[in-house]
Protein chains: 2
Amino acid sequence: MIDNCANKMENEGCFMCKERHADWFCNLSPQALVEFETLGMQMTVPAGSTLFFESQTARSVYILCGGHVKLTTSSKDGKTLLVRIAKPGDVLGLSAAISGTVYEITAQAIEPVQVKSFQRQDFLHFIEHHLEGSMHATKMINKEYRDALGDATRLALSMSIAGRVARLLLEMTSGARDAKPRFTMSLTHEELATMLGTTRESITRVLSELKRKEIIAIKGASLTILRKSALELLI
Amino acid sequence: MIDNCANKMENEGCFMCKERHADWFCNLSPQALVEFETLGMQMTVPAGSTLFFESQTARSVYILCGGHVKLTTSSKDGKTLLVRIAKPGDVLGLSAAISGTVYEITAQAIEPVQVKSFQRQDFLHFIEHHLEGSMHATKMINKEYRDALGDATRLALSMSIAGRVARLLLEMTSGARDAKPRFTMSLTHEELATMLGTTRESITRVLSELKRKEIIAIKGASLTILRKSALELLI
DNA sequence: AATCGTTTGTGACGTAGATCACAGCTCTCA
DNA sequence: TGAGAGCTGTGATCTACGTCACAAACGATT
C-alpha cells in the first residue's frame with residue numbers, strides 16, 4: 001500500500017516545521033512534543049499511494065506534514081464521494097483509532113506527501129496520558145464533525161455539479177495566496193466524477209464551461225484559476 | 001425558548017432510568033454518576049420548544065432522557081436540512097460546548113421530551129476531571145461525526161426523495177420493536193419538506209405512493225409502518 | 001352551518017443532470 | 001510509425017424533481 005515506508009524524510013521534525021500552528025498536535029508543549037515526536041515515524045508517500053482504505057481495521061494514525069491527500073467514502077452501491085482534500089496539519093485516521101473500529105474513509109495521496117505515522121496504540125496511549133493531547137484529539141474530531149456537517153448541508157441542500165467542482169478547485173488551491181493560483185491536476189475527469197458523486201460527462205461539460213467563461217485555464221495537466229471570486233459564487 | 005424550565009420531572013434520575021445502556025453518560029460508574037447527577041437539572045420540554053438555535057452561543061449541554069428532538073441545520077440561502085432525529089440517550093450540544101463556539105445545529109422538540117440540562121462550564125469541568133467522562137465525550141462526538149459522514153454520503157450520492165422520507169420514518173420509529181411500529185406524525189408536509197431539503201408537493205407524492213403500495217398507513221396524525229423492509233430498501 | 005385559513009392531493013410543464021452513443025485526441029509500446 | 005487503449009468533447013434522449021396552478025379536505029371561529 002505504502003510502498004516506500006523506509007523512505008524517511010530528512011527534515012528536522014516538528015520543531016523545525018514551518019506548518020506548525022495552534023490546534024495541531026505538532027504544536028504541543030515542548031516536553032510533550034519531544035515525547036510525541038519519538039513515537040511517530042516521518043515518511044514520504046508517493047502520489048497515488050493509499051494511506052488506508054475504508055472498512056480496513058485501523059492500525060495507524062497519520063499527521064499530514066506536506067502535500068494533499070484525498071479523503072473519500074463510498075455508499076453501499078459502490079459510488080464514491082469526495083469527503084475533502086486533507087491539507088498539511090490535518091490528522092488522518094483519528095476517528096477510526098478512537099472508535100477502535102475500521103477507517104470510515106479512504107485516504108489517498110494525490111501528490112507526493114510527507115506524513116508522520118503512529119501506531120494506533122502508541123497514539124492512544126499518548127493522548128490518554130496527556131490531558132493536553134486528549135483535548136487536542138477531542139477538538140480535532142469535533143472540527144471534523146463540524147466540517148462534515150457543513151459539507152453535508154451544502155451537498156444535500158443546494159450544490160450543483162458546477163458548485164462541487166468549484167469547491168474542489170478552491171480546496172486544491174487553499175493555502176495559496178496567489179491571485180491566480182495554479183496547480184497540477186493529476187486526476188482524470190472520470191476520477192473527478194466519482195469523487196464528486198457525478199458522471200464523467202458532467203465534469204467535462206462543467207470544465208469546458210468554466211474555460212469558456214475564462215474562470216479557469218487548462219494547459220495540459222496545469223490548471224490555473226483566473227477568477228477565484230467567480231468560483232466562490234458557484235458554491 | 002424553553003418555557004417551562006421550572007417544570008422539573010418527578011422521576012428518579014439516572015439510577016432508575018430504563019433507557020440506560022453502555023456508552024451513555026448516564027451509565028458512568030456509580031460514584032461518578034452521583035456527582036454527575038447533581039450537576040444537571042431534569043426537566044420536561046413541551047412539543048415545539050427549541051432547546052437551542054443554530055449560531056447561538058453554546059451555554060448548555062443536554063442529555064435526552066425521553067422523547068424525540070429534531071436536529072436541523074441551514075445553508076446560507078436559508079434552506080433547512082434535517083440532520084437527524086435525536087433519541088433518548090443522545091447528548092445534544094456537546095460539539096458546540098467543546099469547541100466553545102456556537103451551536104452548529106438547531107434542536108427542537110417534536111413531542112414533549114425529558115432532558116437533563118447542564119451548564120456548559122459544569123459539563124466541561126466534569127469531563128475534564130474524569131477520564132471516564134472525557135472518553136465518553138470523545139467517543140460520542142466521534143459517533144456523531146461518523147453518523148454525519150454516513151448521512152452525507154447517502155444524501156450526496158444516491159438518496160432520492162423517497163429514500164429520505166424512508167430514512168426519516170425509520171428514524172422516528174427506531175427503538176420500537178414492533179413488527180408494525182406506529183407513531184404520531186406531528187409535522188406537516190411543508191415542514192417535512194424543508195427538513196429533507198425538498199418541496200411540499202414531492203413529500204405529498206411520496207407519501208401517497210407509499211400508502212398506495214401499502215408500505216405505510218396513515219389515519220389522521222397516526223402513521224403506521226406496515227412493511228419496514230420495503231422502507232429499508234429505499235434508502 | 002357558514003366562513004376562512006391551513007393543509008393535502010394532483011395535473012401540466014420546465015430543467016438539471018444521468019445515460020447512451022460516438023468521434024476526435026493523446027499516450028504508450030511494440 | 002502505426003495500433004491500441006484510454007482519455008476528452010459533444011450531441012440526443014430520458015428521468016426525477018422542482019415549479020406553478022388550482023381544487024378538495026379539514027379544522028377552527030363565529
Side-chain angles (χ1 to χ4, degrees), chain A residues 47-48 75 77-82 110 154-169 184-224 233-235, chain B residues 47-48 75 77-82 110 154-169 184-224 233-235:
Chain A
S75 62
D77 57 344
K79 285 194 257 180
T80 302
L81 173 76
L82 167 76
I110 56 180
R154 269 175 298 146
L155 275 168
L157 286 184
S158 55
M159 214 193 277
S160 63
I161 304 302
R164 299 186 201 187
V165 171
R167 178 169 73 98
L168 178 70
L169 295 181
T184 300
M185 168 58 78
S186 45
L187 301 165
T188 67
H189 292 188
E190 183 72 43
E191 288 173 305
L192 285 172
T194 55
M195 285 166 67
L196 298 177
T198 180
T199 58
R200 201 267 309 161
E201 295 90 327
S202 292
I203 295 290
T204 300
R205 282 187 243 267
V206 165
L207 287 178
S208 300
E209 184 73 3
L210 292 177
K211 274 190 288 188
R212 202 183 56 68
K213 289 184 180 165
E214 296 182 344
I215 293 173
I216 63 172
I218 299 180
K219 247 183 289 178
S222 165
L223 193 153
T224 309
L233 277 181
L234 291 174
I235 294 188
Chain B
S75 63
D77 57 344
K79 286 195 256 181
T80 302
L81 173 78
L82 168 76
I110 57 179
R154 270 175 298 146
L155 275 167
L157 285 186
S158 56
M159 213 192 277
S160 61
I161 304 302
R164 299 187 201 188
V165 171
R167 178 169 72 101
L168 177 70
L169 295 181
T184 300
M185 168 57 78
S186 45
L187 301 166
T188 67
H189 292 188
E190 182 72 44
E191 289 173 305
L192 286 172
T194 54
M195 285 166 66
L196 298 177
T198 179
T199 60
R200 201 267 309 161
E201 295 91 327
S202 292
I203 295 289
T204 300
R205 282 187 243 266
V206 165
L207 287 177
S208 300
E209 183 73 2
L210 292 177
K211 275 192 286 188
R212 202 182 57 68
K213 289 185 180 165
E214 296 182 342
I215 294 173
I216 63 173
I218 300 179
K219 249 185 289 180
S222 165
L223 193 154
T224 310
L233 278 181
L234 291 173
I235 295 187

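Values below: every heavy atom of this structure, side chains too, minus hydrogens, waters and symmetry copies. None of these values were measured; they are calculated from a predicted model.
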| Can you find a heavy atom in the side chain of B:Ile161 that is under 4.5 Å from one in the side chain of B:Leu196? | no
| query | How long is the line joining NE2 of B:His189 and P of C:dT10, in whole Å? | reply | 11 Å
| message | Tell me the interatomic distance from B:Glu190, atom CD, to C:dG5, atom C1', rounded to whole angstroms. | response | 14 Å
| said: If you take any heavy atom closer than 4.0 Å to DNA chain C, which residues from residues 194-208 of chain B end up in contact? | reply: B:Arg200, B:Glu201, B:Thr204, B:Arg205, B:Ser208
| message | Whole angstroms only, please: what is the CG-P distance between B:Leu187 and C:dT6? | response | 18 Å
| request: Begin with the C-alpha distance, continue with both residues' side-chain angles, and end with the deciding distance and a verdict on side-chain contact (heavy atoms from CB on, under 4.5 Å) for A:Ile216 and A:Thr224. | output: CA-CA 6 Å; A:Ile216 63 172; A:Thr224 309; over 6 Å; no
| request: Measure the shortest side-chain to side-chain distance between B:Leu223 and B:Thr184 over non-hydrogen atoms and say whether it is less than 4.5 angstrom. | output: no
| Atom CZ of B:Arg167 and atom CG of B:Leu234: how far apart are they, to the nearest 0.5 Å? | 13.0 Å
| field | Separation between CG of B:Leu207 and CG of B:Leu192, rounded to the nearest 0.5 Å | value | 7.0 Å
| query | At how many degrees, to 10°, do the end axes of the helix from C:dA1-D:dT30 to C:dA30-D:dT1 meet when each uses five pairs? | reply | 30°
| query | Separation of A:Arg212 atom CZ from D:dT10 atom P, in whole Å? | reply | 11 Å
| said: What is the distance, to the nearest angstrom, from the CZ atom on A:Arg164 to the C1' atom on C:dG17? | reply: 10 Å
| task | May I have the distance from B:Met185 (atom CE) to C:dT7 (atom P), rounded to whole angstrom? | result | 15 Å
| Side chain to side chain, B:Leu187 and B:Met195, heavy atoms closer than 4.5 Å | yes
| message | If we ignore hydrogens and angles and just use 3.5 Å, is the side chain of B:Ser186 paired with the main-chain N or O of B:Ile110 as donor and acceptor? | response | yes
| Between B:Leu192 (CG) and C:dG9 (P), how many Å, whole number? | 12 Å
| task | Report the C-alpha distance between A:Glu209 and A:Lys213 in whole Å, list the side-chain angles of each, state the deciding distance to 0.1 Å, and finish with yes or no for salt bridge (charged side-chain N to carboxylate O under 4.0 Å, His left out). | result | CA-CA 6 Å; A:Glu209 184 73 3; A:Lys213 289 184 180 165; 3.6 Å; yes
| query | To the nearest Å, how far apart are B:Glu209 CD and C:dG9 P? | reply | 13 Å
| query | Any sub-3.5 Å donor-acceptor pair from B:Ser208's side-chain atoms to B:Thr204's backbone N or O? | reply | yes
